[in-house]
2 protein chains.
Amino acid sequence: MPTSTLPRSSDDRLDETFHALASSTRRAILARLATGDANVNELAEPFEMTLPAISKHLKVLERAGLITRGRRAQYRPCALDPEPLAAVADWTERYRTIWENRFDRLDDYLAQLPEPSPPTTPSETGSTDD
Amino acid sequence: MPTSTLPRSSDDRLDETFHALASSTRRAILARLATGDANVNELAEPFEMTLPAISKHLKVLERAGLITRGRRAQYRPCALDPEPLAAVADWTERYRTIWENRFDRLDDYLAQLPEPSPPTTPSETGSTDD
DNA sequence: CGTGTACTTTACCAACTGGTTGATTAACCA
DNA sequence: TGGTTAATCAACCAGTTGGTAAAGTACACG
């Protein structure tokens with residue numbers, strides 16, 4: 001395996017980041033690492049899962065650049081690297097404005113309504129919806 | 001298939017949202033929908049993929065709540081619903097602070113350095129970086 | 001009616017995931 | 001040297017994913 005370090009597009013990297021995050025196990029590992037570095041056994045402890053399974057999850061997180069791994073004696077300490085999350089935040093941000101504009105348009109619509117009929121006159125309101 | 005609409009945990013829904021976003025095809029569909037609603041054929045047009053494949057992607061996006069679908073004659077118009085992205089933004093935000101604290105700690109470290117050697121003395125600055 | 005258009009469903013496939021067990025590597029300790 | 005601990009590798013398995021082709025459904029139109 002030549003460990004193909006080909007120049008990945010930002011699309012590919014976003015694919016990889018989102019995929020790595022699409023697992024509550026992996027997100028829990030990241031949450032644990034957010035409190036400080038940890039070895040593989042420490043990371044595996046909360047899960048009802050064998051060590052090789054955790055090892056695989058860590059490899060996914062590492063390939064996505066979300067963690068880095070060192071070597072201290074026979075331990076492989078893992079550290080969080082939230083850098084790829086910046087791209088996630090950027091991507092998400094572009095949709096937040098769209099989301100907010102919906103309410104803006106609704107606000108505009110409500111603002112130009114003829115009369116804010118008081119809630120004491122429940123009749124007359126068009127009940128033939130749909 | 002009883003369409004199991006079981007009460008999903010927020011973890012499960014985040015899994016589903018991240019999974020739906022972990023495909024550049026699906027993100028491209030969302031980007032297209034960000035410019036306005038569209039039918040399935042319109043959404044499929046930019047891709048070298050058969051219609052059933054797009055249909056499957058749309059189903060993934062729909063299950064994740066990222067799009068809603070209507071019925072107008074034989075058309076099934078799709079509309080973007082960025083609401084689930086709020087949870088993504090929230091999740092990501094918790095790690096942004098960690099990311100920034102790194103630099104804060106670096107700032108603290110730099111701030112407490114003995115002497116901020118002025119830039120007018122270009123010698124003396126350690127040029128033996130790797 | 002029948003025919004075309006828009007889309008979904010079904011059945012099938014190869015590839016990938018996510019887990020397992022058992023063997024293996026690597027470093028420390030005695 | 002040999003044993004223990006930490007972690008990965010290899011092989012395997014069931015279930016899922018992402019695509020296809022072909023058939024089916026739903027609606028409009030002449």
Side-chain angles (χ1 to χ4, degrees), chain A residues 1-4 8 11-30 32-33 36-64 66-79, chain B residues 1-4 6 8 11-30 32-33 37-64 66-79:
Chain A
M1 221 229 272
T3 327
S4 65
R8 308 186 131 278
D11 254 8
D12 287 345
R13 264 190 280 108
L14 214 42
D15 281 12
E16 218 165 29
T17 307
F18 275 126
H19 169 70
L21 298 179
S23 150
S24 43
T25 301
R26 287 193 286 264
R27 290 199 307 279
I29 290 175
L30 293 181
R32 164 66 187 79
L33 287 176
D37 299 0
N39 303 325
V40 179
N41 272 299
E42 293 169 341
L43 291 175
E45 195 270 329
F47 301 101
E48 292 181 342
M49 217 180 292
T50 57
L51 219 45
I54 298 293
S55 219
K56 283 189 185 182
H57 283 301
L58 293 177
K59 202 177 289 180
V60 172
L61 290 170
E62 188 182 22
R63 286 207 43 160
L66 287 163
I67 67 172
T68 57
R69 322 178 72 175
R71 298 205 145 206
R72 193 186 300 265
Q74 65 266 60
Y75 302 87
R76 309 296 195 278
C78 299
Chain B
M1 221 227 271
T3 326
S4 63
L6 293 172
R8 310 186 130 276
D11 253 9
D12 286 346
R13 265 189 279 109
L14 213 42
D15 281 11
E16 217 165 31
T17 308
F18 275 126
H19 168 71
L21 297 178
S23 149
S24 44
T25 301
R26 287 192 287 264
R27 289 199 308 280
I29 289 175
L30 293 181
R32 164 65 186 79
L33 287 176
D37 299 0
N39 303 325
V40 180
N41 272 300
E42 293 168 343
L43 291 174
E45 194 271 330
F47 301 102
E48 292 181 342
M49 215 180 292
T50 57
L51 219 45
I54 297 294
S55 217
K56 282 191 183 182
H57 283 301
L58 293 177
K59 203 178 288 182
V60 172
L61 291 170
E62 188 182 22
R63 285 207 45 158
L66 286 162
I67 66 172
T68 57
R69 321 178 73 176
R71 300 202 144 207
R72 194 185 298 267
Q74 65 265 61
Y75 302 87
R76 309 297 194 279
C78 299

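The analysis underlying the following values was restricted to heavy atoms, covering all of them including side chains, and did not include hydrogens, waters or symmetry mates. Here is how names work: the chains are called A, B, and so on, in the same order as the sequence lines, proteins then strands, and each is numbered from 1.
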Query raised in the report: What is the distance from CG of B:N39 to P of D:dA28, rounded to the nearest Å?
Result: 14 Å
Requested in this report: Select base, sugar-phosphate, or nothing to describe what A:R72 touches, counting heavy atoms under 4.0 Å on all strands.
Outcome: nothing
Report summary line: So CZ of B:R13 and OG of A:S24: to nearest 0.5 Å the spacing works out to 13.0 Å
Query raised in the report: How do B:R71 and A:N41 order along DNA chain D: which one's closest nucleotide is nearer the 5' end?
Result: A:N41
Query raised in the report: Atom CG of B:L51 and atom P of D:dA23: how far apart are they, to the nearest Å?
Result: 17 Å
Query raised in the report: Separation of A:D15 atom CG from D:dT17 atom C1', in whole Å?
Result: 14 Å
Requested in this report: Select base, sugar-phosphate, or nothing to describe what B:A73 touches, counting heavy atoms under 4.0 Å on all strands.
Outcome: sugar-phosphate
Query raised in the report: To the nearest angstrom, how far is A:K56 atom NZ from D:dT8 atom C1'?
Result: 11 Å
**Report entry** Most 5' of B:Y75 and A:P52 on DNA chain C, judged by nearest nucleotide
**Finding:** B:Y75
Report summary line: Closest heavy-atom pair, B:I67 versus B:L58, reported as atoms and distance to 0.1 Å, is CD1-O, 3.5 Å
Report task. Kindly say if B:H57 contacts the phosphate of D:dG19, meaning a side-chain N or O under 4.0 Å from OP1 or OP2. Result -> yes
Query raised in the report: Between B:K59 (NZ) and D:dT16 (C1'), how many Å, whole number?
Result: 15 Å
Query raised in the report: Should A:R27 and B:D15 count as side-chain neighbours, where that means a heavy-atom distance under 4.5 Å?
Result: yes
Report summary line: Taken to the nearest whole Å, CD/B:Q74 to C1'/D:dG24 is 16 Å
**Report entry** OP1 or OP2 of D:dA7 under 4.0 Å from side-chain N/O of A:S55
**Finding:** no
Requested in this report: Verify side-chain contact (heavy atoms from CB on, under 4.5 Å) between B:F18 and A:H19, making sure each step is shown before the conclusion.
Outcome: CA-CA 7 Å; B:F18 275 126; A:H19 169 70; over 6 Å; no
**Report entry** Side chain B:R76, main chain B:Q74, donor-acceptor under 3.5 Å
**Finding:** yes
Report task. Using whole Å, report how far CZ of B:R69 lies from C1' of C:dC7. Result -> 9 Å
**Report entry** Length of the line joining B:D37:CG and C:dA6:P, which is rounded to integer Å
**Finding:** 18 Å
